[in-house]
Structures are given as structure tokens and as C-alpha cells.
**Q** 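My structure is below; once you've seen it, I'll send some questions.
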Amino acid sequence: MGRLAGKVAVITGAAQGMGEAHARLFIREGAQVVLTDLNEEGGRALAHELGGNALFVRQDVACAGDWEAVVRAAEARFGPVTVLVNNAGIIGPVKGLLEFSEEDYLRVCSVNQLGVFLGMKAVLPGMIKAGGGSIVNISSIAGMLGTKESSNAAYCASKWAVRGMTKLVAAQHGASGVRVNSVHPGYILTPMMISATDEQGGGAADVIPLGRMARPEEVSNVVLFLASDEASFVSGTEHVVDGAMIAG
Ligand SMILES: NC(=O)c1ccc[n+]([C@@H]2O[C@H](COP(=O)([O-])OP(=O)(O)OC[C@H]3O[C@@H](n4cnc5c(N)ncnc54)[C@H](O)[C@@H]3O)[C@@H](O)[C@H]2O)c1
């Protein structure tokens, strides 16, 4: 029996990067998984490869109507959603405050912050009805401190917001058996990070005590634990996966 047997999971931003790694691991551990993404071609191809326990639904996480469609599709195919991984995110241009536009600020926050809010709102009624569930919100080390070399005001603000909302919802809905936690990756080798570190001219691994960036699967293992019943008393907490980058 897999560690997620019987769970119905929605993973956003699952067409590539960490979302893809989470989807692959969740399927291996017995979950039925709805993969969502703006990238229809990539998402569909991955769901096809993963087989009958995977379903792709095209979604913009910043659109409330899309969330309704995702929950409807999940329920119709697999049953009530009991795990949500709010993973989709964008970084925007890595610039200082004075160069950062209001337009970029709103765009980044609409995906990273509003998207997480809408996702939790969409799945909570079903989780409450089902007697519980697990929500894993992907924040960042940029939600633990100001990461001036690799981030921007909107990314940092949105990732702190995710950490804050996580605690509030965990406290408000714990009595219904719903657990909510945040995960804070450091530098992980995904298309997003590869392009952001290229802008900095490399050298990212030098600031990581473990001496390297992480593979996406190393974050998936933490997400898997939080999604599973092994984490039955873990809620309202943040889980940093950064090779000790912010420890010192
Ligand atoms: N890579 C890192 O080092 C790192 C570090 C800390 C936090 N994170 C966070 O982890 C999460 C995943 O990042 P990644 O590195 O795998 O990124 P990525 O860019 O490789 O993948 C993100 C996926 O999200 C999708 N997406 C973007 N906007 C969307 C929207 N509005 N609706 C639906 N899907 C959308 C993209 O199409 C893409 O498939 C993000 O929330 C990111 O902020 C990443």
C-alpha cells in the first residue's frame, strides 16, 4: 500500500519543475492526482504518461472560476479532494524596489498569493465534509527572510503571505480535521531557478552549506510526508528545505 493510498490530490503548476516531481511521487505512493497548469501541452503529456490515476485540467490559479472547474473535475473522476498542493508560482523580474513596476507586483501576487487563497477556499468545503484533509502551500525561503540576491518585493511579499495564511487557516479549520502547512524551498534545480540564477551569473551553490542546489524530488519527499497521514499532528508549521542556507 502506498503512503497516499485513498487520497485524491490536486497539484497546481504540475507540468514541470517541482509540481511535476510531486505528481510523479504522489502517483507512485497510490494517490489519485489532478494535475493543473497553464501549460496545457506539458500537463496533458505528463498526465498521459502517469496513467489512469492522473488527470490534467488546464487552470489559471488566479481565476476563481477555474478553481470551481478543477474541484468539479476531481470529484467527478476520483471523488472529494483530500489533498491540495498549492505549488504554482512565478518569480517575476529579479530587480530592486525602485525598478520594480506596480504591474509586475500585482501579477506576481495574483498567482503566488491570490492563487493560494482561492485554492484553499475551493477545496475546504469538500475537505470539511469529508472529515479532513491536508493542504500544503509552497512558499519559499523568501517567505522566511528578505532574499535580496534572488528575489523581488512582490515575490517576497507573496511568499510571506502564504506562510501567514497557512497558519491562519490551520488554526481556523483544525477542528474540522484539516491540516495546513507551508514548505519553504531554497535553491532547487527547476526551470524557474535555472533562469533566475542565470541572471545572477551562477554561483548560487556557494551560499548553500550542503554545497549544491537540490533536486526537485528532495522537496517532494517533504510534501509527501505532509500530505500523508504520517503527519497527522503536524499543522500550522513551516518546513524549510534549503540545505541549511538560511541557518547561519
Ligand atoms: N525553484 C526554486 O528554487 C524555488 C525556490 C523556492 C520556492 N519555489 C516555489 O516552488 C513552486 C514551484 O516552482 P518551480 O521552481 O517548480 O517553478 P517552474 O517555473 O519550474 O514551474 C512552475 C509551474 O507553474 C505553472 N504556472 C505558472 N503560473 C501559473 C498559473 N497562473 N496557474 C497555473 N499554473 C501556473 C507554470 O506553467 C509551470 O509549469 C513555486 O511556487 C515557486 O515559487 C521555487
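No hydrogens, no waters, no symmetry mates; every other heavy atom, side chains included, goes into these values. We count ligands from 1, going down the list as the structure has it; atoms in each ligand are counted the same way. On a predicted model such as this, the values are computed, not experimentally measured, just so you know.
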**Q** Verify whether one side chain among Gln113 and Ser158 offers a donor that lies under 3.5 Å from an acceptor in the other.
**A**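 The answer is no; no qualifying pair exists.
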**Q** Could you list the atoms of ligand 1 found under 4.0 angstrom from a heavy atom of Tyr155?
**A**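 What qualifies from ligand 1 is 6 (C), 7 (C), 8 (N), 9 (C), 42 (C), 43 (O).
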**Q** For Ile138, counting its heavy atoms only, list the atoms of ligand 1 lying under 4.0 Å from any of them.
**A**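 Counting from 1, the qualifying ligand atoms are 9 (C), 10 (O), 11 (C).
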**Q** Distance only, no hydrogens: is a donor on one side chain within 3.5 Å (strictly under) of an acceptor on the other, for His22 and Ser220?
**A**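 There is such a pair (donor and acceptor under 3.5 Å, judged by atom type) between the side chains of His22 and Ser220.
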**Q** Under 4.0 Å from any heavy atom of Tyr187, which atoms of ligand 1 are there?
**A**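 Once the distances to Tyr187 are compared, the set is 3 (O).
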**Q** Going from OG1 on Thr190 to CD on Glu20, what distance comes out if it is rounded to the nearest 0.5 angstrom?
**A**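 Here the interatomic distance stands at 11.0 Å.
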**Q** Please check whether Met18 reaches ligand 1 - meaning an N/O of the residue sits under 3.5 Å from an N/O of the ligand, judged on distance alone.
**A**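 Yes: some nitrogen or oxygen of Met18 is under 3.5 Å from one in ligand 1.
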**Q** May I ask you to check whether Asn137 and Thr166 show a side-chain donor-acceptor distance below 3.5 Å?
**A**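 Side-chain D/A pair, Asn137 to Thr166: present.
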**Q** Could you work out, for atom 40 (C) of ligand 1, the closest of Val162, Val116, Asn87 by heavy-atom distance?
**A**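 Of the listed residues, Asn87 has the closest heavy atom.
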**Q** Mind checking what makes side chain to side chain donor-acceptor pair (under 3.5 Å) contact with Asp229, not counting sequence neighbours?
**A**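 Scan of Asp229 (side chain to side chain donor-acceptor pair (under 3.5 Å), adjacent residues dropped) gives Lys7.
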**Q** With no hydrogens and no angle check, just 3.5 Å: does a side-chain donor-acceptor pair link Thr12 and Asn87?
**A**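 There is no such pair (donor and acceptor under 3.5 Å, judged by atom type) between the side chains of Thr12 and Asn87.
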**Q** Hey, which atoms in ligand 1 end up nearer than 4.0 Å to a heavy atom of Val111?
**A**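 In order of numbering, the contacting atoms are 28 (N), 31 (N).
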**Q** Would you indicate which of Asp66, Asn39, Thr190, Val61 comes nearest to atom 32 (N) of ligand 1 when only heavy atoms are counted?
**A**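 It is Val61 whose heavy atom sits nearest to atom 32 (N) of ligand 1.
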**Q** Have Tyr187 and Ser150 got a donor and an acceptor in their side chains that come within less than 3.5 Å?
**A**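 Side-chain D/A pair, Tyr187 to Ser150: present.
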**Q** Look only at interatomic distance and state if Asp60 has a nitrogen or oxygen under 3.5 Å from any nitrogen or oxygen of ligand 1.
**A**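 There is such a contact, yes.
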**Q** If you take the nearest heavy atom of each of Pro216, Ser140, Gly186, Ala204, which one is closest to atom 5 (C) of ligand 1?
**A**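 The nearest heavy atom belongs to Gly186.
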**Q** For atom CD of Glu103, decide whether the heavy atoms of other residues, nucleotides or ligands shown that lie under 6.0 angstrom number more than 12.
**A**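 No - once you tally the heavy atoms of other residues, nucleotides and ligands closer than 6.0 Å, there are 12 at most.
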**Q** For Glu41, which residues count as a side chain to side chain donor-acceptor pair (under 3.5 Å) partner, sequence neighbours excluded?
**A**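 Partners of Glu41 by the side chain to side chain donor-acceptor pair (under 3.5 Å) criterion come out as none, since no residue qualifies.
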**Q** Could you list which atoms of ligand 1 come closer than 4.0 Å to a heavy atom of Ser139?
**A**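 Per the distance check, 7 (C), 9 (C).
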**Q** Counting from 1, what ligand 1 atoms have a heavy atom of Gln59 closer than 4.0 Å?
**A**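 Near Gln59, the atoms of ligand 1 are 32 (N), 33 (C).
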**Q** Would you mind finding which of Asn112, Ile91, Asp242, Ile188 brings a heavy atom closest to atom 3 (O) of ligand 1?
**A**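 The nearest heavy atom belongs to Ile188.
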**Q** Any atom of ligand 1 sitting under 4.0 Å from a heavy atom of Lys159?
**A**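 Under 4.0 Å: yes for Lys159.
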